Amino acid sequence: MTYECISVAREDRVGIVTLNRPKILNALNLQLVSELVHELERLDNDPDIGAILLTGGDKAFAAGADINEMAEASAIEIMKRDQFAVWDRISRISKPIVGAVSGFALGGGCELMMNCDIVIASETAVIGQPEIKLGVMPGAGGTQRLVRAVGLRKAMEMLLTGEPISAQEALRCGLVNRVVPVEAYFREALKLAKQIAAQPPLAVQVIKKAALKAEDLPLQDGMDYERNGFYLLLASEDRREGMQAFLEKRKPRFTGN
Ligand code: CO8
């Protein structure tokens, strides 16, 4: 499939997806989201890929849903589009997604960033949920994921004022993992994605899934879930290889089995 709104590349075992509508600050139209989900699922099914890097441009990760596409549409038309059915598939990607975020990450852009498992931000990142200023509200997880990420009070302030926060503030409240100069954010994120992609693939996916369960499940249910994953990995060939390599003082060769 050829893409118009994203570009794709690959380095070692990392699939790199770049949002690519720079003139309009990577505003998320239906086509972009559909291409993005198609590519994420393709990478998820590719055994030669161990992690995904999702990025935009230096000026904008994504400035939100494409307002041109929403401005004239009726509520019923938007409901019938059921665009969230596609969107929700992003949260079912089983491989880790590292976000490399610079410039504007607003509205749907912030929601997309929150779908990343780890985020490296540039010092220039501006992050927020400005929907209230348009007379609407977040629709792709903004109220739910932001509260979980930064806590109720901080999220409430961001959601009700619509004012964005800086990269440093996002770091303080746990919304991003690391803030680096704009020249370095992509490189840092790629380095991290490569490090994860070199880990045993089964363990990576089972750990990601279990960690995400912590947001939904009561503690004991989460512990039970974790334990099942633990036993499952004990049955893997990579577990045998990992432990054998440790005992033989050599580098392990993981196969994903
Ligand atoms: N939609 C459409 N076009 C946009 C968007 C957008 N979200 N953001 C920027 N653009 C366009 C501008 O219209 C402008 O186009 P043109 O050159 O033709 O005039 C171009 O991008 C450059 O933008 P600016 O000239 O405004 O650049 P500035 O640096 O002056 O300002 C801002 C940058 C502050 C980011 C400003 O553009 C802005 O406020 N943008 C809108 C941000 C916003 O409100 N986002 C939330 C949208 S609603 C939403 O996301 C709901 C999510 C629901 C779920 C979505 C699932 C996909």
Side-chain angles (χ1 to χ4, degrees), residues 3-7 17-41 52 54-93 97 99-116 119 121-150 155-167 169-170 175-176 182 185:
Y3 298 124
E4 285 175 23
C5 304
I6 62 170
S7 61
V17 183
T18 306
L19 309 182
N20 193 19
R21 301 181 80 205
K23 283 195 187 126
I24 195 167
L25 306 183
N26 292 331
L28 306 167
N29 64 353
L30 294 170
Q31 186 180 345
L32 184 151
V33 174
S34 149
E35 290 181 5
L36 172 64
V37 171
H38 182 275
E39 180 61 14
L40 291 177
E41 289 178 343
I52 297 165
L54 178 59
T55 192
D58 290 352
K59 179 155 188 222
F61 177 67
D66 190 329
I67 297 171
N68 300 306
E69 226 174 41
M70 283 192 301
E72 299 302 329
S74 73
I76 301 298
E77 277 163 1
I78 292 185
M79 195 184 85
K80 281 187 176 165
R81 273 182 201 165
D82 196 16
Q83 66 198 73
F84 298 118
V86 179
W87 179 269
D88 289 346
R89 280 160 46 196
I90 300 173
S91 63
R92 293 198 284 277
I93 298 297
I97 304 178
V101 173
S102 181
F104 300 109
L106 300 174
C110 180
E111 290 166 314
L112 183 58
M113 185 194 85
M114 288 191 286
N115 265 292
C116 298
V119 176
S122 94
E123 284 167 346
T124 63
V126 172
I127 301 168
Q129 299 283 168
E131 287 89 342
I132 195 163
K133 295 182 179 175
L134 301 171
V136 289
M137 65 179 286
T143 59
Q144 303 305 298
R145 288 211 170 88
L146 194 61
V147 170
R148 283 167 168 79
V150 305
M156 203 63 103
E157 183 183 341
M158 289 172 69
L159 292 163
L160 293 178
T161 64
E163 291 301 324
I165 59 174
S166 67
E169 201 173 351
L175 195 52
V176 302
V182 66
Y185 78 100

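Predicted model only: the values in this text are computed from it and were never measured. Atoms considered below: every heavy atom in the structure, side chains included; atoms not considered: hydrogens, waters and symmetry mates. One-based numbering, in listed order, for ligands and for the atoms of each.
When atom types are taken as modelled, the side chain of Ser122 and the backbone of Val182 share no donor-acceptor pair closer than 3.5 angstrom. A donor-acceptor pair is defined here as one N or O able to donate and one able to accept, closer than 3.5 Å; no such pair exists between the side chain of Gln129 and the backbone of Cys110. Side chain of Glu111 to backbone of Gly141: a donor-acceptor contact under 3.5 angstrom is found. Proximity of a side-chain donor or acceptor of Asp66 to a complementary backbone N or O of Ala27 within less than 3.5 Å is not detected. In terms of modelled atom types and a separation under 3.5 Å, the side chain of Glu35 and the main chain of Cys5 share a donor-acceptor contact. Proximity of a side-chain donor or acceptor of Glu69 to a complementary backbone N or O of Leu30 within less than 3.5 Å is detected. For Asn20 (side chain) and Ser7 (main-chain N/O), no donor-acceptor pair under 3.5 Å exists by modelled atom type.
Residue contact check: Ala27 has heavy atoms under 4.0 Å from atoms 1 (N), 2 (C), 6 (C) of ligand 1. Every atom of ligand 1 with a heavy atom of Phe84 under 4.0 Å away is listed here by number and element: 54 (C). For ligand 1 and Glu111, the ligand atoms under 4.0 Å from any heavy atom of the residue are 52 (C), 54 (C). Counting the atoms of ligand 1 from 1 in the order shown, those under 4.0 Å from a heavy atom of Gly108 are 49 (C), 50 (O), 52 (C). The distance from ligand 1 to the heavy atoms of Trp87 drops below 4.0 Å at these ligand atoms: 56 (C), 57 (C).
In this structure, atom 44 (O) of ligand 1 has a protein heavy-atom contact shorter than 4.0 Å. When distances from atom 6 (C) of ligand 1 to the protein are checked, a heavy atom turns up under 4.0 Å. Distance screen at 4.0 Å: atom 30 (O) of ligand 1 has no protein heavy-atom neighbour inside the cut-off. The presence of a protein heavy atom under 4.0 Å from atom 19 (O) of ligand 1 is ruled out. By the definition of a contact as any protein heavy atom under 4.0 Å away, atom 39 (O) of ligand 1 is not in contact. Note that atom 25 (O) of ligand 1 has no protein non-hydrogen atoms nearby, at separations under 4.0 angstrom. Within a 4.0 Å radius of atom 12 (C) of ligand 1, the protein contributes no non-hydrogen atoms. Protein heavy atoms are found less than 4.0 angstrom from atom 51 (C) of ligand 1.
Considering only non-hydrogen protein atoms, atom 28 (P) of ligand 1 sits nearest to Lys59 NZ, 4.5 Å. Residue, atom and distance of the protein heavy atom nearest to atom 1 (N) of ligand 1 are Ile67 N, 2.9 Å. In this structure, atom 17 (O) of ligand 1 lies nearest to the protein heavy atom Lys23 O, 4.5 Å. The nearest protein atom to atom 34 (C) of ligand 1, hydrogens excluded, is given as Phe104 CE2, 3.9 Å; this is a heavy-atom distance. For atom 9 (C) of ligand 1, the closest heavy atom belonging to the protein is Leu25 CD1, 3.8 Å. When hydrogens are left out, the protein atom nearest atom 21 (O) of ligand 1 is Ile24 CA, 3.5 Å; that is the closest non-hydrogen contact. Here the protein heavy atom with the shortest distance to atom 55 (C) of ligand 1 is Ala65 CB, 3.8 Å.
A heavy-atom distance below 4.5 Å is found between the side chains of Leu175 and Leu146. Contact of the Glu163 side chain with the Lys133 side chain is registered, since non-hydrogen atoms from C-beta on lie closer than 4.5 Å. Side-chain contact between Ile165 and Val150 is absent, with no heavy-atom pair separated by less than 4.5 Å. The shortest side-chain heavy-atom distance between Gln83 and Ile78 falls under the 4.5 Å cut-off.
Residue contacts with ligand 1, taken as heavy atom pairs separated by less than 4.0 Å, involve Leu134 solely via side-chain atoms from C-beta onward.
The heavy atom nearest to atom 54 (C) of ligand 1, out of those in Gly128, Ala71, Ala140, is found in Ala140. Nearest-residue assignment for atom 53 (C) of ligand 1 (options Ala62, Gly141, Gly139; heavy-atom criterion): Gly139.
Between Ile93 atom CD1 and Leu40 atom CG the span is 5.0 Å, to the nearest 0.5 Å. Here the straight-line distance linking atom CG of Leu28 with atom CZ of Phe61 works out to 8.0 Å at 0.5 Å rounding.
Checking only distances, Ala63 does come within under 3.5 Å of ligand 1, N or O to N or O.
Residue Gln129 places no heavy atom under 4.0 Å from ligand 1. Within the structure, the closest approach of Lys133 to ligand 1 does not fall below 4.0 Å when heavy atoms are considered. In this structure, Glu69 has no heavy atom closer than 4.0 Å to ligand 1. The shell of residues lying under 4.0 angstrom from ligand 1, judged by heavy atoms, includes Pro130.
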Practice prompt. Show the numbers, then the answer: is there a side chain to side chain contact (heavy atoms under 4.5 Å, CB included) between Leu159 and Thr143?
Written response: CA-CA 7 Å; Leu159 292 163; Thr143 59; 4.2 Å; yes
Worksheet item: Under the side chain to side chain contact (heavy atoms under 4.5 Å, CB included) criterion, do Met113 and Val176 qualify, and how do the steps go?
Response: CA-CA 9 Å; Met113 185 194 85; Val176 302; 4.2 Å; yes
Practice prompt. Given side chain to side chain contact (heavy atoms under 4.5 Å, CB included), test Thr124 with Tyr185 step by step and report yes or no.
Written response: CA-CA 10 Å; Thr124 63; Tyr185 78 100; over 6 Å; no
